Amino acid sequence: MPDSYAKALWVTIQRGAKSKEAVESIRQILERDGRMALLPRIVRSLQRHAAREGRREGVVLSVARQEDARRARSEIGGLLPEMGIRKDEVTTQIDEHLIGGWRLEGRDRLADASYKKYLLDMYNAATKS
Amino acid sequence: MDSSAVEKIIKEIEGYAPTVEHRHIGRVTSVGDGVVAIDGLSKAVMSEIVEFEETGKRTLLRAMEVEGSLFGLVLNLEEDGVRAVILGDTARVYEGMTVKSTGRILSVPASEELLGRVVNALGEPIDGKSAFSNTTMMPVERQAAGVIDRKPVSVPLQTGIKAIDSMIPIGRGQRELIIGDRGTGKTTVAIDAIINQKNEPKGNRPVCIYVAIGQKESKTARIVQQLRNEGALDYTIIVDAPASAPAALQFLAPYSGVAIGEYFMDQGRDVLIIYDDLSKQAVAYRELSLLLRRPPGREAYPGDIFYLHSRLLERAARLSDEKGGGSITALPIIETQEGDVSGYIPTNVISITDGQMFLITDLFNKGIRPAIDVGISVSRVGSNAQTKAMKAVAGGLKLELAQFRELEAFMQFAQDLDKATADRIESGRRMVEVLKQKNGAPIPIEKQIAVLYAAGQKFFSDVAVAQVTRVEARLIEFLDGQISKTLAEIRKSGQLSDASKKQLDKAIEEFRLAHPELFSRTKL
């Protein structure tokens with residue numbers, strides 16, 4: 001039930017309602033129904049929901065070194081329209097484990113052109129076949 | 001590292017063409033009891049295989065240590081994500097893990113290489129021998145053949161068990177249920193049916209698949225050893241989802257088994273598949289469904305529990321000549337509790353199959369083994385799946401036994417019986433003895449016919465009841481030595497010609513004259 005309240009609150013805000021007013025409405029509803037005890041759980045659920053939506057909507061380009069970022073951004077240029085992503089929505093982060101290349105993750109999509117993936121593919125093909 | 005491995009890696013490097021991997025992904029939000037809630041995967045379809053990315057947060061060296069990919073099976077499509085069952089070690093999955101879609105529906109490898117092997121529900125070898133190299137991937141879920149693609153069942157599948165082949169005959173493409181309490185010999189009947197297939201000529205011999213669901217590994221190991229000792233393992237595939245396997249694998253195992261069977265059926269070959277047992281598959285599916293938060297119904301089983309078994313058993317069929325003429329004969333096993341055949345799962349499966357054989361604890365305890373109650377057992381295919389020779393000798397058997405049972409009950413109250421009734425009772429007692437059979441000793445069809453012919457000629461009427469089994473064994477040995485050509489002819493033609501009958505009569509008389517000591521009947 002707290003999840004349902006949290007989701008309803010999220011959707012209401014997404015549809016354009018002001019956050020303060022939406023929260024006040026929920027508080028009044030909970031008070032009317034005698035369910036104020038649910039409020040802390042609703043807040044936690046809302047935080048989880050917000051984090052999840054943030055992860056889903058967020059687009060992260062991972063590169064092994066800062067110097068690789070520019071080249072990676074030019075290589076992903078053709079992919080972004082396919083994935084429904086604008087260039088300015090992409091944030092870059094450093095992940096040394098990739099060794100080289102890049103990895104684009106976001107909007108429930110993954111495009112992986114990292115050296116780590118290539119090396120793992122070769123290793124698996126050579127040793128597990 | 002040896003030079004061959006180095007060569008292999010060099011080849012891989014030289015031949016490698018890097019491509020960007022594009023996948024739809026999700027993220028694990030919760031995991032427990034083998035079920036994973038995944039956020040995302042908006043394009044996932046039902047029964048799709050998803051891959052858990054264990055290497056994501058690891059260094060390359062640590063990633064190389066990961067043993068094999070870990071997959072999951074999507075079973076619930078929800079508004080914000082999906083729920084999947086883990087097909088492997090659940091300890092490898094953690095919250096926040098990336099999950100990639102594969103776009104593939106679950107499939108298992110199938111080929112001739114699987115004959116003689118033991119595999120798990122995913123088709124992976126678990127008998128310590130080599131991996132399969134040249135296989136065809138067969139979908140675990142597949143639509144059963146339609147009406148037009150089928151042919152009526154008319155070719156017998158000989159089980160080698162007299163009580164079954166004479167009175168509850170099974171045909172290739174039929175579904176015949178084996179149902180009874182624990183410890184009544186259900187698995188024994190099924191294994192004897194597999195062993196008896198070695199008596200079939202190679203061109204006519206069905207591929208046998210034994211699916212062990214929720215069984216003790218010691219029992220499965222014993223069965224494998226028995227099949228190996230009897231020379232039956234060469235044409236048998238064992239699919240094993242033991243009691244220690246996750247519920248997902250116990251649920252999948254029968255479908256994997258029939259998928260492997262369909263590989264051979266599509267090539268025009270016959271297959272015999274045994275599901276031991278579907279009660280355990282139902283329990284595993286109930287467990288999965290409750291964990292997937294599906295609403296429970298009667299006895300907490302999900303609403304689609306009937307469909308679980310009906311779609312499995314419908315895949316047993318005999319295909320038309322246009323489709324290759326292959327067949328899958330299914331012998332599902334159901335375990336009842338205290339003989340209750342009106343339970344939910346037993347009644348479901350009884351209504352799906354083309355007949356059932358009831359194994360009764362009382363009969364088993366009385367020493368009547370196989371403990372089949374022929375009065376209530378039925379094969380809906382019936383004599384369509386019997387050779388003419390067997391029909392000729394077994395035609396009146398069921399009625400004779402039914403009448404004997406009635407008279408046996410009546411005898412407890414009556415003091416003096418007329419001669420006709422007394423003879424019928426004596427004859428019935430001897431027939432019950434004739435139908436007894438040791439486990440692990442299936443009898444080829446021509447010898448069954450010979451024995452039943454002899455019984456029909458009142459051969460055993462002068463044999464003491466307690467000696468019937470011994471005399472029968474000696475008779476079979478004698479006939480095998482004296483008229484093997486006649487027996488081979490009966491087997492080949494499927495008919496009991498007048499000439500064959502004369503040969504049998506002559507041989508039986510010779511046996512009687514050679515062993516007069518066996519025919520001094522002592523009345524009880």
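The sequence lines fix the lettering, A, B, ..., with proteins before strands; numbering per chain opens at 1. This is a predicted model, so every value here is computed, not measured.
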Any heavy-atom pair between the side chains of [Y] and [X] that's under 4.5 Å?
| X | Y | result |
| --- | --- | --- |
| B/Glu79 | A/Lys7 | yes |
| B/Arg23 | A/Asp112 | no |
| A/Leu110 | B/Lys100 | yes |
| B/Thr98 | A/Glu105 | yes |

Please indicate whether [X] has more than 12 foreign heavy atoms, meaning atoms of other residues, nucleotides or ligands, lying under 6.0 Å from its [atom1].
| X | atom1 | answer |
| --- | --- | --- |
| A/Gln28 | CD | yes |
| B/Gln267 | CD | yes |
| B/Phe132 | CZ | yes |
| B/Asp33 | CG | no |
| A/Arg27 | CZ | yes |
| A/Arg15 | CZ | no |

Seminar exercise, completed: When every non-hydrogen atom of B/Leu60 is compared with those of A/Lys116, the smallest separation belongs to CD1-O, 4.0 Å
Exercise. So, for B/Val20 and A/Trp102, which heavy atoms are closest and what is the spacing to 0.1 Å?
Worked result: CG1-CH2, 3.9 Å
Exercise. Which region of B/Thr29, side chain (C-beta onward) or backbone (N, CA, C, O), has a non-hydrogen atom less than 4.5 Å from a non-hydrogen atom of chain A, or is it both or neither?
Worked result: side chain
Problem set entry | Gap separating the NE2 atom of A/His97 from the CG atom of B/Leu61, nearest 0.5 angstrom | 11.5 Å
For this session: Kindly compute the distance separating CZ (A/Arg107) from OG (B/Ser42), expressed to the nearest 0.5 Å.
Result: 12.0 Å
Which region of [X], side chain (C-beta onward) or backbone (N, CA, C, O), has a non-hydrogen atom less than 4.5 Å from a non-hydrogen atom of chain B, or is it both or neither?
| X | result |
| --- | --- |
| A/Arg103 | side chain |
| A/Leu79 | side chain |
| A/Ile99 | side chain |

For this session: Verify, without hydrogens or angle tests, whether B/Lys43 (side chain) and A/Asp108 (backbone) share a donor-acceptor contact under 3.5 angstrom.
Result: no
